[in-house]
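Scroll down for the structure; my scribbles are underneath it.
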Amino acid sequence: METVLNPTVVSAARSYGGWQRVYEHRSAVLDCSMRFGLYEPPELGKPRWVLYWLSGLTCTEQNFITKSGFQRWAAELGAIVVAPDTSPRGDRVADDPDRWDLGQGAGFYVNATEEPWARHYRMYDYVLQDLPSAIASILPGVGELPTAIAGHSMGGLGALVLGLRNPGRYRSISAFSPIVNPSQVPWGQGAFGHYLGSKYDAWRAYDPTALIQDYGPRTGRDPQGEPPILIDQGTADGFLGQQLQPEVFRDACQAVGYPVTLRLQPDYDHSYYFVATFLGDHFAHHAAHCTGDRAI
């Protein structure tokens, strides 16, 4: 089964002079139909760049495009923004209706190896392969543009993993409230055990803290020149202590000299109110490394 190279428009709306559209297409990797948001900014006479945004648990492509207000920053900085769904969908796709942190809406951006998940749950390959192909069919030449990746919560995990595992693919990485050490926290352990089985090596490939440990003198991988990471975390986030633990990731980065900025924001929670408040800084971070427009 092949990916349909002409995604169909589900909805379209003008926003800040550009267009916010939602498309549907058939994914060969996931073996199901998928939706994604695509924002095309107005012509500003600036170099274009692309930001992939990965959303969190229970989300679809709608959460980011309707709640964050990102279109303002994308229009100002000339960014094409791609926001996919968070998991495969459909009646034939495995699910666990009794859990909100497993199954549909909770793909964790991994390539599942265990049944019944392995057939459809390959979100890592979807973001890396099928989604860029679908975007290129709409906007030819987009693959030549500087690209960045970001996300929230489970999507922050996905952004970190995709950015760290694919040197040269992304100019910069950022995350809000990311799951940074999934092999050591309940959300990650629950999902990885089902999707990837019991082998820790398989889990490690999707654990940002473990991936950072592969840098430095011990392995010969030089962190200098790698995509810089910006993380914002609210101190009033109810998931902070048990599920997120960003200091663990920061400390691992500092131990090997990987460029990371962790900002703890007093009294902010896990919601899109938090994301929207600091999203302009994240766009500035990515624009600085993709086009040199501005930096925080």
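A donor and an acceptor atom, one from each side chain of Asn181 and Gln245, are nowhere located under 3.5 Å apart. Counted by atom type alone, Gln71 and Gln20 present one or more donor-acceptor pairs between their side chains at under 3.5 Å. Residues Tyr215 and Glu226 have side chains that bring a donor and an acceptor to within less than 3.5 angstrom of each other. Side-chain contact of Thr60 with Asp85: a donor-acceptor pair under 3.5 Å is absent, judged by distance alone.
Judged by distance alone, with hydrogens and angles left aside, the side-chain atoms of Arg48 form a donor-acceptor pair with the main-chain N or O of Pro41 at under 3.5 Å. Counting only distance, with no hydrogens or angles, the side chain of Tyr258 and the backbone of Ala252 share no donor-acceptor pair below 3.5 Å. The main-chain N or O of Ser183 is found under 3.5 Å from a side-chain atom of Asp207 such that the two form a donor-acceptor pair. No donor-acceptor distance shorter than 3.5 angstrom exists from the side chain of Tyr124 to the backbone of Val161, with no hydrogens or angles considered. Judged by distance alone, the side chain of His285 and the main-chain N or O of Ile173 form a donor-acceptor pair under 3.5 Å. Side chain of Ser137 to main chain of Ala134: a donor-acceptor pair is present (N/O by atom type, distance under 3.5 Å, no hydrogens or angles). When atom types are taken as modelled, the side chain of Arg35 and the backbone of Gln62 share no donor-acceptor pair closer than 3.5 angstrom. In this structure a side-chain-to-backbone donor-acceptor pair under 3.5 Å is present from Ser27 to Leu30. For the pair Trp203 (side chain) and Gly197 (backbone), a donor-acceptor distance under 3.5 Å is present.
Note on ring orientation: taking the six-membered ring where Trp is involved, the planes of Tyr121 and Tyr195 are parallel (angle under 30°, cut-offs 30° and 60°). Aromatic ring pairs are classed by plane angle as parallel below 30°, tilted from 30° to 60° and perpendicular above 60°; the pair Phe64 and Phe70 is parallel.
Linking ILVMFWY side-chain heavy atoms closer than 4.5 Å, directly or via other members, places Val142 and Val82 in a single hydrophobic cluster. Tracing side-chain contacts under 4.5 Å through hydrophobic residues (I, L, V, M, F, W, Y), one reaches Tyr126 starting from Leu128; they form part of the same cluster. Under a hydrophobic-cluster definition in which Ile, Leu, Val, Met, Phe, Trp and Tyr are linked whenever side-chain heavy atoms come within less than 4.5 Å, directly or via other members, Tyr273 and Leu279 are assigned to different clusters.
Within the 6.0 Å centre-distance limit, the rings of His25 and Phe36 are counted as a close aromatic pair. Ring-centre distance between Phe278 and Tyr268: below the 6.0 Å cut-off. Ring centroid separation for the pair His282 and Phe176 comes in under the 6.0 Å cut-off. Ring centroid separation for the pair Phe108 and Trp187 does not come in under the 6.0 Å cut-off.
Salt bridge annotation for Asp101-Arg99: present, with a cationic side-chain nitrogen under 4.0 angstrom from a carboxylate oxygen.
For Tyr200, the OH atom is densely surrounded, since the number of other residues' heavy atoms within 6.0 Å is greater than 12. Other residues, nucleotides and ligands place more than 12 heavy atoms under 6.0 Å from the CD atom of Glu115.
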Ser55 vs Asn63, test: side chain to side chain donor-acceptor pair (under 3.5 Å). Steps then yes/no. CA-CA 8 Å; Ser55 291; Asn63 294 72; 5.9 Å; no

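Considering Arg122, Arg89, Arg26 in turn, Arg26 is the only one that fulfils the salt bridge (Lys or Arg N to Asp or Glu O under 4.0 Å) rule with Asp31.
Atom CG of Asp130 and atom CD1 of Ile135 lie 11.0 Å apart (nearest 0.5 Å).
Figure legend: cation-pi geometry between Arg72 and Phe283 absent, as NZ or CZ is not positioned both under 6.0 Å from the six-membered ring centre and within 45° of its axis.
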